[in-house]
*Asks:* 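Please see the structure below; I have some questions.
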Amino acid sequence: MISDRMKHLRDFLLDQGIPAVLISKDENVHYFSGFRGDSTMLLVTADKAFIVTDFRYVEQAQQQAPLYELVEQKEGLIKRCAELAKNIGADSVSFEGSVLSFDEYSSLAKELQPIKAEKSVSLDGLREIKEAEEIVCIEKACDIGDEAFEDIIKFIRPGMSEREVAARLENTMRCLGSEEVSFTTIVASGKRGSLPHGIATDKLISDGEFVTMDYGAVYRGYHSDVTRTVCVGTADEKQREIYSAVLSAQEIGVSLVKPGASGIEVDRQVRLLLDKAGYAKYFGHGLGHSVGLEIHEEPRLSPKSKCESLGTGTVITVEPGVYIPDWGGVRIEDTVLVTETGARRLTKSSKKLLEIKAN
C-alpha cells in the first residue's frame, strides 16, 4: 500500500517537473510513509526517500516507515533536510507552502542555498480517493460515533449542561476505541442551536429544546463526522416543520451523491429544496466536505466547490442545516462513501425526529 502511494507521489513529481519534495504536513507524512508522529519530514525524489526525525521517534520510524531511509537530526529538522538535499545533488526542492510557516520557509531557503526552494505544492489531492483499508478505518470510526449516539439518547435529560453531554459523548467514544475526538465537540441547545459551531457550554438544557450534537471519532488516524438534532421533551409544530425540511434536504443530498456528480450541483439542488420550504436563507455554509486523515478535506459540496466530478472511493459528508437567530437550529449529517452506483451511508444512526422524554 505505501509502495503504491510512493509510486503515485513520484508520478505526480514527474508530471509536475519536481526533482525533490519536502513533505512536512503530519497527515501527508503518515499517508506516504506509514509513520504516525510529529516533528518529522520526508524528502522524496525519483529514486530516493528519506524520513528525518529526532531521537524520540527513531525506533517508531524504523518500525512504521521501513521503505524510507532513516536520518536522525540533532541540530534542527529543516537544517538536516537541507543538508540531505545538497548531499543528493537536488537541483531544487519543492515544499508544502500551506504548511510551512514564514519563519520555517525563510530558514529552509537560507539553509538550501544555492539550491532553490521556490515551488509550493499541495499533495492533499493525492489522498482524495480512499483505498479499501482507509474505508474500513473510516467506517469503524463511524460505527463508534453511532454507538455513542445510542448511548447519549439514553443519557441526555433536561437540567444537564451541554458540557455534560459533550463529555459523555467523548468518553463513550474513547471507551469504544477512538484515539481522540475528530474536533471540538459541538453541543448547542435551544436558541444556541443557531450557532453552526456552537461548542458545548455550561448552559443547562431545558424541556422542549432542540439539542444539536456534532462530533466524531478517530480510528487509526481516520476521522468520522456525524450530526444529529434531537428534542429533549416534546417538539412543537415549528420544530417539527423545520426538522422535516432539513431531513428532506439531507436525504435528497445523499441521493445525489454519486460518481460524476458536481460538488456545486449537489449543493445547489439541496438549497433549492430548502428555498421552496422557505429556509434557504438560514443555510449559510457548504453542504459537505471530504473526510479522511483530516476532518476537513477536499473535495467539497458547496457553491464554491472545485469538484467537477465526484470519484468512486471518495468519502464525503452531507450536512444541511437551518439556523434561525433567537430561535435555534437543526443540522443533520451523515458521512457517506461514493460507490460505483451511488452513495452508501457510513453513519447509520436514526435520523427520525427523536423526542426524549424524562423518566
*Asks:* Below 4.0 angstrom, N of the basic side chain to O of the carboxylate: do E170 and R168 qualify?
*Replies:* no
*Asks:* Thinking salt bridges, do R240 and E237 make one under a 4.0 Å N-O criterion?
*Replies:* no
*Asks:* Side chains of residues 89-97: which donor-acceptor partners sit under 3.5 Å, not counting sequence neighbours?
*Replies:*
residue: E96; atom: OE1; partner: S24; partner atom: N; Å: 2.8
residue: E96; atom: OE1; partner: K25; partner atom: N; Å: 2.9
residue: E96; atom: OE2; partner: N28; partner atom: ND2; Å: 2.6

*Asks:* Less than 4.0 Å between a side-chain N and a carboxylate O, is that true for R80 and E83?
*Replies:* yes
*Asks:* Taking 4.0 angstrom as the limit, do R271 and D275 come out as a salt bridge?
*Replies:* no
*Asks:* Is there a donor in the side chain of E319 and an acceptor in the side chain of H289, or the other way round, less than 3.5 Å apart?
*Replies:* yes
*Asks:* When you compare the side chain of I135 with that of Y222, does any pair of heavy atoms fall below 4.5 Å?
*Replies:* no
*Asks:* Heavy atoms, side chains only, cut-off 4.5 Å: are R192 and E162 in contact?
*Replies:* yes
*Asks:* Tell me every residue that passes ring pair (Phe, Tyr, Trp, His ring centres under 6.0 Å) with H285, counting only those two or more places apart in sequence or in another chain.
*Replies:* F283, Y323
*Asks:* Looking at E139 and K348, does any basic side-chain N land under 4.0 Å from a carboxylate oxygen?
*Replies:* yes
*Asks:* Between S39 and R56, do the side chains contain a donor N or O and an acceptor N or O under 3.5 Å apart?
*Replies:* yes
*Asks:* Dump the intermediate steps for side chain to side chain contact (heavy atoms under 4.5 Å, CB included) on T314 and I129, then the final yes or no.
*Replies:* CA-CA 5 Å; T314 301; I129 303 300; 3.4 Å; yes
*Asks:* Taking the six-membered ring for Trp, are F210 and W327 parallel (under 30°), tilted (30 to 60°) or perpendicular (over 60°)?
*Replies:* perpendicular
*Asks:* Taking the side chain as every heavy atom from C-beta outward, state whether E134 and V315 have any pair of such atoms under 4.5 Å apart.
*Replies:* no
*Asks:* Salt bridge or not for D207 and R157, using N-O below 4.0 Å?
*Replies:* no
*Asks:* For the side-chain contact (heavy atoms from CB on, under 4.5 Å) test, which of T172, L169, V230, I144 pairs with F149?
*Replies:* V230
*Asks:* Determine whether the aromatic ring centres of residues Y68 and F35 are separated by less than 6.0 angstrom.
*Replies:* no
*Asks:* Going by side-chain contact (heavy atoms from CB on, under 4.5 Å), name the residues that satisfy it together with S182, two or more places apart in sequence or in a different chain.
*Replies:* V218, H223, I295
*Asks:* Donor-acceptor pair, R174 side chain versus E179 backbone, under 3.5 Å?
*Replies:* yes
*Asks:* Do the non-hydrogen side-chain atoms of K203 and S189 ever get within less than 4.5 Å of each other?
*Replies:* yes
*Asks:* With the threshold set at 4.0 Å, does a side-chain nitrogen-carboxylate oxygen contact exist between R127 and E294?
*Replies:* yes
*Asks:* Check whether any side-chain heavy atom of L272 lies under 4.5 Å from a side-chain heavy atom of R268, and answer yes or no.
*Replies:* yes
*Asks:* Name the one of D146, D143, D334 that satisfies salt bridge (Lys or Arg N to Asp or Glu O under 4.0 Å) with R345?
*Replies:* D334
